[in-house]
Amino acid sequence: MSSKNYIDVIIDGKIYNIGGFESEAYLQKVASYINNMIMEFKQNEGYRMQKMDMQRILLEINIANDYFKAKKQADLLESDLEIKEKEVYDLKHELIVSDSKAETAQKELNEALEKINALEKEVVKLQAKVKK
């Protein structure tokens with residue numbers, strides 16, 4: 001099991017010590033995402049006019065919105081992947097069946113050629129007997 005990482009990050013001008021089992025780079029990326037969202041919101045006059053608790057709720061709602069959109073996209077991609085995997089499985093199955101049929105047809109062709117060769121030899125023998 002990996003060890004827990006701790007890192008100091010700056011969010012909204014304050015230093016926080018956050019920790020997690022993810023890499024320090026990942027933790028920094030999360031903090032940067034939150035910090036960028038706060039900075040973006042602070043550029044909006046309507047947001048700045050709100051009380052602090054309302055600002056936090058708006059921020060949390062937008063983070064949740066981003067999460068659910070990303071989750072929906074991931075679910076769609078996962079569903080597409082499952083469909084593609086089934087198509088690949090079906091194609092492999094069809095290939096195996098086709099290979100089996102081709103192998104059977106090749107065996108039948110070889111047997112027919114052997115019979116033709118045997119019959120041609122028999123014809124030659126019979127022609128030789130008739131000429132005598």
Side-chain angles (χ1 to χ4, degrees):
M1 183 176 211
S2 62
S3 62
K4 196 168 186 178
N5 294 312
Y6 292 93
I7 185 171
D8 287 334
V9 296
I10 298 174
I11 298 176
D12 199 19
K14 297 178 186 170
I15 297 175
Y16 295 93
N17 185 276
I18 61 173
F21 291 102
E22 295 82 5
S23 69
E24 288 183 9
Y26 176 81
L27 296 172
Q28 185 65 45
K29 187 176 179 179
V30 170
S32 178
Y33 169 80
I34 293 170
N35 200 44
N36 288 337
M37 187 168 271
I38 291 170
M39 293 302 132
E40 184 180 317
F41 273 55
K42 283 188 171 185
Q43 292 174 2
N44 183 311
E45 180 68 27
Y47 177 80
R48 289 192 313 257
M49 300 295 280
Q50 301 294 324
K51 293 181 182 178
M52 185 59 74
D53 61 337
M54 181 56 102
Q55 288 179 356
R56 292 296 174 199
I57 291 295
L58 290 172
L59 181 67
E60 291 165 356
I61 288 170
N62 279 275
I63 290 171
N65 182 48
D66 287 351
Y67 166 78
F68 284 114
K69 284 180 181 177
K71 178 145 178 36
K72 181 179 179 181
Q73 183 65 27
D75 291 345
L76 287 172
L77 290 172
E78 189 173 305
S79 176
D80 286 349
L81 179 61
E82 288 174 8
I83 290 168
K84 299 290 185 214
E85 286 175 344
K86 184 181 182 326
E87 288 174 0
V88 167
Y89 175 81
D90 290 345
L91 289 171
K92 284 181 180 180
H93 183 263
E94 286 179 31
L95 179 62
I96 290 169
V97 169
S98 295
D99 284 349
S100 178
K101 286 180 181 178
E103 187 177 308
T104 301
Q106 185 64 45
K107 284 180 185 177
E108 290 174 358
L109 176 62
N110 290 341
E111 289 172 3
L113 289 173
E114 286 176 13
K115 284 183 183 178
I116 289 172
N117 286 338
L119 290 172
E120 286 175 347
K121 288 178 184 178
E122 189 64 32
V123 166
V124 170
K125 285 181 188 178
L126 289 172
Q127 285 175 344
K129 282 185 181 180
V130 169
K131 287 184 181 178
K132 287 186 182 180

**Student:** Can you hop from Phe21 to Val9 via hydrophobic side chains spaced under 4.5 Å?
**Tutor:** no
**Student:** Would Tyr33 and Ile10 show up in the same hydrophobic cluster when neighbours are defined by side-chain heavy atoms closer than 4.5 Å?
**Tutor:** no
**Student:** For Asn36 and Glu40, test the side chains for any donor-to-acceptor distance below 3.5 angstrom and give the result as yes or no.
**Tutor:** no
**Student:** First locate atom CG of Asp66, then atom CE of Met37, and finally report the distance between them rounded to the nearest 0.5 Å.
**Tutor:** 4.0 Å
**Student:** Could you please spell out the steps behind the side chain to side chain contact (heavy atoms under 4.5 Å, CB included) verdict for Phe68 and Lys72?
**Tutor:** CA-CA 6 Å; Phe68 284 114; Lys72 181 179 179 181; over 6 Å; no
**Student:** State, yes or no, whether a side-chain contact exists between Lys71 and Asp75 at a heavy-atom distance under 4.5 Å.
**Tutor:** yes
**Student:** Any idea which heavy atoms bring Lys42 and Arg48 closest together, and the distance?
**Tutor:** O-NH1, 2.7 Å
**Student:** So, Lys107 and Glu111, do they make that salt bridge, N to O below 4.0 Å?
**Tutor:** no
**Student:** Do Asn5 and Tyr26 have side-chain atoms, one donor and one acceptor, less than 3.5 Å apart?
**Tutor:** no
**Student:** Do other residues, nucleotides or ligands put more than 12 heavy atoms under 6.0 Å from Ile63 CD1?
**Tutor:** yes
**Student:** How close do Glu24 and Tyr6 get, counting heavy atoms only, and between which atoms?
**Tutor:** OE2-O, 3.9 Å
**Student:** Say you draw a straight line from NZ of Lys92 to CD1 of Ile96; how long is it, rounded to the nearest 0.5 Å?
**Tutor:** 8.5 Å
**Student:** For Met54, does the CE atom sit with more than 12 other heavy atoms under 6.0 Å from it, leaving out its own atoms?
**Tutor:** no
**Student:** How long is the straight-line distance from CD of Gln55 back to OH of Tyr47, given to the nearest 0.5 Å?
**Tutor:** 4.5 Å
**Student:** Below 4.0 angstrom, N of the basic side chain to O of the carboxylate: do Asp12 and Arg56 qualify?
**Tutor:** yes
**Student:** What's the verdict on side chain to side chain donor-acceptor pair (under 3.5 Å) for Gln106 and Asn110, showing C-alpha distance, side-chain angles and the deciding distance?
**Tutor:** CA-CA 6 Å; Gln106 185 64 45; Asn110 290 341; 3.2 Å; yes
**Student:** Roughly how far, to the nearest 0.5 Å, is NE2 of His93 from CG of Leu91?
**Tutor:** 11.5 Å
**Student:** Return the CD1 to CD1 distance between Ile18 and Ile34, rounded to the nearest 0.5 Å.
**Tutor:** 7.5 Å
**Student:** For the backbone of Ala31 and the side chain of Asn35, can you confirm whether one donor and one acceptor N or O come within less than 3.5 Å of each other?
**Tutor:** no
**Student:** Are the charged groups of Asp80 and Lys84 less than 4.0 angstrom apart, N to O?
**Tutor:** no
**Student:** Measuring from atom OG1 of Thr104 to atom CG of Leu109, what distance do you get when rounded to the nearest 0.5 angstrom?
**Tutor:** 12.5 Å
**Student:** Report yes if the side chains of Ile11 and Ile38 come closer than 4.5 Å at any heavy-atom pair, otherwise no.
**Tutor:** yes
